[in-house]
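Residue numbering restarts at 1 for every chain, and letters A, B, ... go by the order of the sequence lines. A quick note: this is a predicted structure, and the numbers were derived from the prediction, not measured.
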2 protein chains.
Amino acid sequence: MDAGIARVGEMIPEAPQQEVRLTRLLLLVGGTLLGEVEAYLKPHGLNDSDFRTLMALYSSPEGATPSELCGFAQQGATNMTRIGNALVKAGLAARSHSAEDRRRIVLNITPSGKRLVRKILPPLFPKVLGAYASLSAGDKRTLERLLRQVALNIDSLQSSDPSS
Amino acid sequence: MDAGIARVGEMIPEAPQQEVRLTRLLLLVGGTLLGEVEAYLKPHGLNDSDFRTLMALYSSPEGATPSELCGFAQQGATNMTRIGNALVKAGLAARSHSAEDRRRIVLNITPSGKRLVRKILPPLFPKVLGAYASLSAGDKRTLERLLRQVALNIDSLQSSDPSS
DNA sequence: AAGGAATATTTCACTGGTGAAATATTACGG
DNA sequence: CCGTAATATTTCACCAGTGAAATATTCCTT
């Protein structure tokens, strides 16, 4: 991969090689992680969005409305309805109407949903730890700091440049 | 997101919070980047795999065989045939038989393929640079170093743990 | 020249994710 | 109360990607 980027860099000298390498690395790592996560969740009948939603509910004792959850799962309203359907159908979450505003639906995690989270989360911990096994404590802090910056930069790129 | 992870961490104390945050960040950044790239390529009739293959050919004056390309594009042989079909159909690459071993097919980028690369690559550079705009030169080197380590760690996880 | 391995392709069948716009219900402001 | 806005859901239509196994061709060894 590095060789390829270097050769392209020779042919196209304006190419910002280091940044291109960084981007490839991020794509590679992100893609691999996503694949792992989805493969692990699949046997439980969940995909990544379902899982993120379930985790949001797990950490929300008060429950949450679909629109709130859209942010967490990075999904549109239509899909959030679908995710809600799936979770409810699987008995992992329950719907109820908000008392104050009856337009709102509140999703709450069920005991069964909590059980599932507590069952599927721990086996992931060794893998998660393994991904950073060779990094020192300082390395991890640095990595987190830099990744947050990149995340912010990307975000402002998207807002300021609708052409993408 | 951080708040959610912290709350989950309270409920499940064994959770390695920092590593979980790192993983989420990587998933987030990777997913966003992939989305950007694919959105940019779509109007040109390419998806990410097609593009990676095309770039591999661009940087291979000698051409490359499908099996070699499978590695670059992280695809199986079946899909590489499909990608080859697509690139050839679009006039971006050409197939020929290897002289030494007639079982092998060699794919070469065409002049039209080179033109496309030189046309679609440069507009990406500002965006790529923007993603790391707030990082110092040292930060970028550090980030690259750390990402490479993570990539390696993940790789060995996969090989050593077929359960995933 | 025969059998076994490598390469590419084809066949076949399968899967999942997405989103825009119309609809229904409720809230809110005047 | 009436109109406008907010929330959720439904409807409809759409699209992309994947992979295992059978096949075809060629190579290599004996």
Donor/acceptor link under 3.5 angstrom from B/Arg82 side chain onto base of D/dG19: yes
Protein-nucleotide distance (A/Asp48, atom CG; C/dT18, atom C1'), rounded to Å: 16 Å
A/Arg104 side chain near D/dT7 phosphate (N/O to OP1/OP2, under 4.0 Å): yes
B/Ile105 CD1 - C/dA8 P separation (whole Å): 7 Å
Nucleotide C/dA6, atom P - distance to CD of B/Glu100 in whole Å: 18 Å
Sugar-phosphate only, base, or nothing, as touched by B/Ser49 at under 4.0 Å among non-hydrogen atoms: nothing
Out of C/dA8, D/dA8, C/dT11, whichever nucleotide has its closest atom nearest the side chain of B/Thr78: C/dT11
Salt bridge flag under 4.0 Å for residues A/Glu144 and A/Arg148: yes
Polar side chain donor-acceptor pair, B/Arg82 to B/Asn79, under 3.5 angstrom: yes
Phosphate contact (C/dT9 OP1 or OP2) by B/Asn85 side-chain N/O below 4.0 Å: no
Length of the line joining A/Asn79:CG and D/dT7:P, which is rounded to integer Å: 18 Å
Side chains of A/Arg52 and A/Gln74, donor plus acceptor under 3.5 Å: yes
Separation of atom CD1 in B/Ile83 from atom C1' in C/dT9, rounded to whole Å: 14 Å
Contact under 4.0 Å: A/Arg103 side-chain N or O vs C/dT26 OP1/OP2: no
Rounded interatomic separation in angstrom, taking CE from A/Met80 and C1' from C/dT18: 14 Å
Hey, can you pull the donor-acceptor pairs under 3.5 Å for the side chains in residues 62-70 of chain B, sequence neighbours left out?
unit_1: B/Thr65; atom_1: OG1; unit_2: B/Glu68; atom_2: N; d: 3.3
unit_1: B/Glu68; atom_1: OE1; unit_2: B/Thr65; atom_2: N; d: 3.0

